[in-house]
4 protein chains.
Amino acid sequence: MQVNEQTATELARRKQITDAAIEVIADLGYGKASFARIVEHAGLSSTRMISYHFADKSDLVMAVLVSAIAAGDEVLDARIAGVVDRVELLRAHIEARVEYLRTHPKHLRAVVEIGTGAREPMYAVVLRDFRVGRLQRQLHQGQREGVFGQFDTAVVAEAVASALDGAAQRAAAEPDLDLTAYGRELADLFTRAVRP
Amino acid sequence: MQVNEQTATELARRKQITDAAIEVIADLGYGKASFARIVEHAGLSSTRMISYHFADKSDLVMAVLVSAIAAGDEVLDARIAGVVDRVELLRAHIEARVEYLRTHPKHLRAVVEIGTGAREPMYAVVLRDFRVGRLQRQLHQGQREGVFGQFDTAVVAEAVASALDGAAQRAAAEPDLDLTAYGRELADLFTRAVRP
Amino acid sequence: MQVNEQTATELARRKQITDAAIEVIADLGYGKASFARIVEHAGLSSTRMISYHFADKSDLVMAVLVSAIAAGDEVLDARIAGVVDRVELLRAHIEARVEYLRTHPKHLRAVVEIGTGAREPMYAVVLRDFRVGRLQRQLHQGQREGVFGQFDTAVVAEAVASALDGAAQRAAAEPDLDLTAYGRELADLFTRAVRP
Amino acid sequence: MQVNEQTATELARRKQITDAAIEVIADLGYGKASFARIVEHAGLSSTRMISYHFADKSDLVMAVLVSAIAAGDEVLDARIAGVVDRVELLRAHIEARVEYLRTHPKHLRAVVEIGTGAREPMYAVVLRDFRVGRLQRQLHQGQREGVFGQFDTAVVAEAVASALDGAAQRAAAEPDLDLTAYGRELADLFTRAVRP
DNA sequence: TATGAATGAGCATTCATTCAT
DNA sequence: CATGAATGAATGCTCATTCAT
């Protein structure tokens with residue numbers, strides 16, 4: 001038995017709008033992503049449509065974040081499944097994020113845009129969790145197991161996350177960038193960096 | 001004969017406006033940094049003042065970039081003067097940027113905000129040069145001298161630059177952050193990472 | 001044979017909505033009392049619920065008026081029952097209205113808000129009747145009996161009604177106001193004023 | 001020598017807008033008095049014109065209040081000049097307010113509309129002062145001199161003010177109402193009411 | 001009896017920029 | 001060197017109401 005809070009139509013509309021919002025935010029940046037632009041992109045009749053399905057702009061942006069982050073974590077989970085070695089886990093994590101950037105460029109870019117462009121502290125928690133949450137825990141565990149050297153896990157996790165932000169920026173500017181190679185390079189870089 | 005294109009008054013006004021713009025962009029982000037807000041911060045009478053001294057918004061933003069980058073390079077130059085060892089040079093570079101963040105938080109933050117928030121390709125060249133220009137050349141030279149391992153200098157330079165962006169973000173959120181320690185951690189991280 | 005045009009459910013729903021509307025109008029004023037706000041207050045699912053049970057906004061507002069005025073007249077009838085002396089009748093009338101304000105603050109306040117905030121002449125007749133109808137007839141009768149002096153009954157009735165509006169305003173602003181004393185003062189004031 | 005903070009043009013525009021706002025608020029009520037409606041009435045090009053000359057809506061409304069109240073106090077001052085007898089002073093006060101309603105119907109009506117329709121406590125002080133400020137002080141003084149009986153001056157002042165609100169309402173509905181007679185009736189009413 | 005979905009018009013406010021002096 | 005005055009377009013959001021089940 002299934003107790004739907006929302007109808008199928010409602011969910012479909014929300015998805016349609018959220019998807020359009022992801023594209024617009026990724027392409028134009030958070031600041032320029034207005035309701036009008038999103039409506040235009042989604043082929044809707046008016047901005048009223050968005051206001052009907054989302055309480056306000058932050059509600060829509062949060063839906064974008066949840067959607068994009070879910071897709072990113074899916075790619076991550078698939079990539080790290082079965083990996084046990086700490087160093088390989090770090091490599092898998094970084095490469096999975098870059099792979100996500102390759103398969104879902106708009107999604108990741110939207111997250112980065114919201115992270116850098118939006119000021120409301122509302123998104124801070126979910127963004128921080130996406131960027132450094134798992135990663136920092138992995139680094140910490142690696143240190144406890146003696147596989148990694150002694151470094152500030154917060155600093156390194158932030159550095160890795162920022163490097164991925166930077167990769168998204170470059171990928172947007174250079175569509176022909178070889179992201180698989182880019183991911184490998186980043187993974188090499190940071191696996192070297194965490195050695196004891 | 002007169003070599004000055006601009007009078008002292010003119011220059012002083014431009015500096016007043018540019019300084020206010022730096023503060024506003026750093027505090028509110030590029031997207032929310034309107035003429036009205038800058039005028040208010042600078043204590044000027046109207047936005048007309050800005051339009052009079054700058055051709056348009058991009059002209060003002062470019063002046064902000066030039067000013068902030070000059071200050072940053074000054075700190076960098078002072079820090080790397082006399083350093084010859086390649087690894088120490090990389091360390092000095094990273095620590096100098098974090099020191100700049102510590103001594104001129106608004107300046108660096110404004111640059112980061114423009115880099116992430118502005119879309120106009122107009123700023124791309126000067127931003128790229130500030131972020132990865134020197135750094136990538138140093139990494140390249142280090143590889144040629146056999147001091148660094150073989151890695152994609154563009155990727156590593158971008159990673160370092162992004163890590164500094166991330167440091168600026170964290171510093172804004174956590175005013176009590178020990179930036180000297182943060183800089184040392186980052187320098188440790190990347191000097192380990194570039195070893196052969 | 002069935003005389004009821006409306007079922008019990010229908011009536012219950014209308015009452016639920018009307019009661020919520022009274023509260024919202026009293027608290028937020030006629031201008032800010034939107035369907036959305038009423039729906040929220042009543043705990044209904046959507047504004048569609050209101051549109052279903054009431055033809056349009058004025059239909060709902062009229063129901064509010066009828067309901068609130070009926071409650072007010074009930075208090076009035078109970079208070080003046082048995083009172084024969086003209087002067088005492090005037091006193092009873094005024095004190096009954098203030099008592100109504102004390103026992104049903106939201107109801108009277110809603111009526112006042114509609115009276116001052118709504119522009120549609122639709123409500124004028126019922127509002128006028130509530131405010132000055134009985135009162136003016138009592139004053140007129142008192143004059144004919146020689147108990148009251150010669151004054152314009154319309155002016156005095158309007159003054160009394162307005163004084164009660166003012167009492168409602170003050171009561172809203174000062175919840176601790178002693179309304180019983182306030183009613184006595186008003187009754188004293190106007191009984192003095194109507195003396196021959 | 002005169003040090004103008006504002007230019008003549010600026011002042012003229014503000015007056016043009018304020019006057020239009022008074023008319024619109026008086027005719028349509030506070031709730032329906034939008035920038036668009038005011039602009040239309042004033043013959044301006046766009047609502048942008050209002051936003052340019054007033055910080056926000058409350059700034060405009062406050063200007064309306066100041067303007068209308070100043071005009072009302074001018075009429076009042078002219079009427080009570082030289083009147084020394086307490087009872088005559090009360091009569092003069094009431095008749096002056098009704099005269100003001102007759103000579104500046106839109107002005108007084110706008111004040112009443114703002115008083116009843118606006119919720120922002122911002123206007124409360126200036127409105128209260130206009131409605132009951134002077135009046136209550138006069139009543140109090142009359143009691144001290146033994147000319148008036150013992151009553152709650154706050155209640156009576158509020159009753160007088162409310163009666164004037166009611167007069168404004170009636171005058172709006174009945175353009176042919178003899179306001180001079182109305183004022184005399186109200187003055188008679190309250191001078192009788194305050195007798196010892 | 002109820003409701004999910006949708007809508008066009010309107011709201012106050014902000015934006016960078018321009019004209020005329 | 002400076003400014004007062006003005007502007008068209010856009011912003012997110014709310015409004016009562018209607019259509020189709």
Side-chain angles (χ1 to χ4, degrees), chain A residues 4 6-14 31-39 44-61, chain B residues 6-10 12-13 31-39 44-60, chain C residues 6-10 12-13 31-39 44-60, chain D residues 4 6-14 31-39 44-61:
Chain A
N4 277 348
Q6 299 169 348
T7 66
T9 312
E10 164 78 3
L11 283 175
R13 270 276 186 255
R14 282 180 67 99
K32 299 287 179 190
S34 66
F35 277 21
R37 231 91 69 159
I38 293 166
V39 150
L44 300 169
S45 57
S46 83
T47 66
R48 189 61 188 73
M49 192 86 272
I50 298 181
S51 293
Y52 179 71
H53 291 282
F54 296 89
D56 52 21
K57 191 172 188 181
S58 69
D59 189 25
L60 169 57
V61 171
Chain B
Q6 301 166 346
T7 67
T9 311
E10 164 79 5
R13 270 276 186 252
K32 299 285 179 193
S34 66
F35 279 19
R37 230 92 71 159
I38 294 166
V39 150
L44 300 171
S45 57
S46 83
T47 65
R48 191 63 189 72
M49 189 85 270
I50 298 181
S51 294
Y52 181 70
H53 291 280
F54 297 89
D56 54 18
K57 191 172 187 180
S58 68
D59 189 24
L60 169 58
Chain C
Q6 302 166 345
T7 67
T9 312
E10 163 79 5
R13 271 276 185 252
K32 299 285 178 193
S34 66
F35 279 20
R37 231 92 72 161
I38 294 166
V39 150
L44 300 171
S45 58
S46 84
T47 66
R48 190 61 188 72
M49 189 86 267
I50 298 181
S51 293
Y52 181 72
H53 290 280
F54 297 89
D56 52 19
K57 191 171 187 181
S58 67
D59 189 23
L60 169 57
Chain D
N4 277 347
Q6 298 169 348
T7 67
T9 313
E10 163 78 5
L11 283 174
R13 271 275 186 255
R14 282 180 68 99
K32 299 286 179 191
S34 67
F35 278 20
R37 230 92 70 162
I38 293 166
V39 151
L44 300 170
S45 58
S46 82
T47 66
R48 189 64 186 72
M49 191 87 271
I50 298 181
S51 293
Y52 179 71
H53 291 281
F54 296 89
D56 52 22
K57 191 171 189 179
S58 69
D59 188 25
L60 170 58
V61 171

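Chain A is the first sequence line, chain B the second, and so forth, proteins listed ahead of strands; every chain is numbered from 1.
- Between T9(A) and the phosphate of dG4(E), there is no side-chain N or O to OP1/OP2 separation shorter than 4.0 Å.
- Under 4.0 angstrom from either OP1 or OP2 of dA6(E) there lies no side-chain N or O belonging to R48(C).
- Checked by atom type and distance alone, the side chain of R13(A) never pairs as donor or acceptor with a backbone atom of H53(A) at under 3.5 Å.
- Of the side-chain N and O atoms in S34(B), one or more sit less than 4.0 angstrom from OP1 or OP2 of dC15(E).
- Taking atom CE on M49(D) and atom C1' on dT7(F), their separation rounds to 8 Å, with Å as the unit.
- Where D56(B) and A55(D) each meet DNA chain E at their nearest nucleotide, the meeting point lying more 5' is that of A55(D).
- Here dG8(E) sits opposite dC15(F) as a Watson-Crick or G-U wobble pair (both hydrogen-bonding atom distances under 3.5 Å).
- When the nearest nucleotides of DNA chain F are assigned to T47(C) and E10(D) by heavy-atom distance, the more 5′-ward of the two goes with E10(D).
- Atom OH in Y52(A) sits about 15 Å away from atom P in dG8(E), given to the nearest Å.
- For the pair L60(A) CG and dT11(F) P, the computed distance is 14 Å after rounding to whole Å.
- Within the 4.5 Å cutoff, the side chain of I38(A) has no heavy atoms near those of the T47(A) side chain.
- Candidate nucleotides dA16(F), dT1(E), dC1(F) were compared by shortest atom distance to the side chain of F35(C), and dA16(F) ranks first.
- Residue H53(D) has no polar side-chain atom (N or O) positioned under 4.0 Å from OP1 or OP2 of dG4(F).
- We find that NZ of K57(B) is positioned 8 Å from C1' of dA16(E), with the value rounded to whole Å.
- Comparing S58(C) and S58(A) by the nucleotide of DNA chain F that holds the closest heavy atom to each, the one mapping nearer the 5' end is S58(A).
- Nucleotide dA20(F) has dT3(E) as its partner under the Watson-Crick or G-U criteria, with both atom distances under 3.5 Å.
- For the pair R14(D) CZ and dA6(F) C1', the computed distance is 16 Å after rounding to whole Å.
- Taking atom CG of residue L44(A) and atom P of nucleotide dA6(E), one finds them 9 Å apart after rounding to whole Å.
- Here the side chains of M49(D) and F35(D) are not in contact, with every heavy-atom distance at 4.5 Å or above.
- Counting any heavy atom pair closer than 4.0 Å across all strands shown, S45(A) reaches sugar-phosphate atoms only and no base atom.
- The OG atom of S34(A) sits 7.0 Å away from the NZ atom of K57(A) when rounded to the nearest 0.5 Å.
- Residue R37(C) places no side-chain N or O under 4.0 Å from the OP1 or OP2 atom of dT14(F).
- Rounded to whole Å, atom P of dT18(F) lies 14 Å from atom CD1 of I50(C).
- Closest approach of S58(B) to D56(B), counting heavy atoms only: OG-OD1, 2.9 Å.
- Atoms CZ (F54(B)) and P (dT18(E)) sit 16 Å apart, rounded to a whole Å.
- Closest approach to the A36(A) side chain among dT11(F), dT13(E), dC1(F) is made by dT11(F) (side chain taken as heavy atoms from C-beta onward).
- Comparing the same atom, P, in dT1(E) and in dA20(F) gives a spacing of 22 Å after rounding to whole Å.
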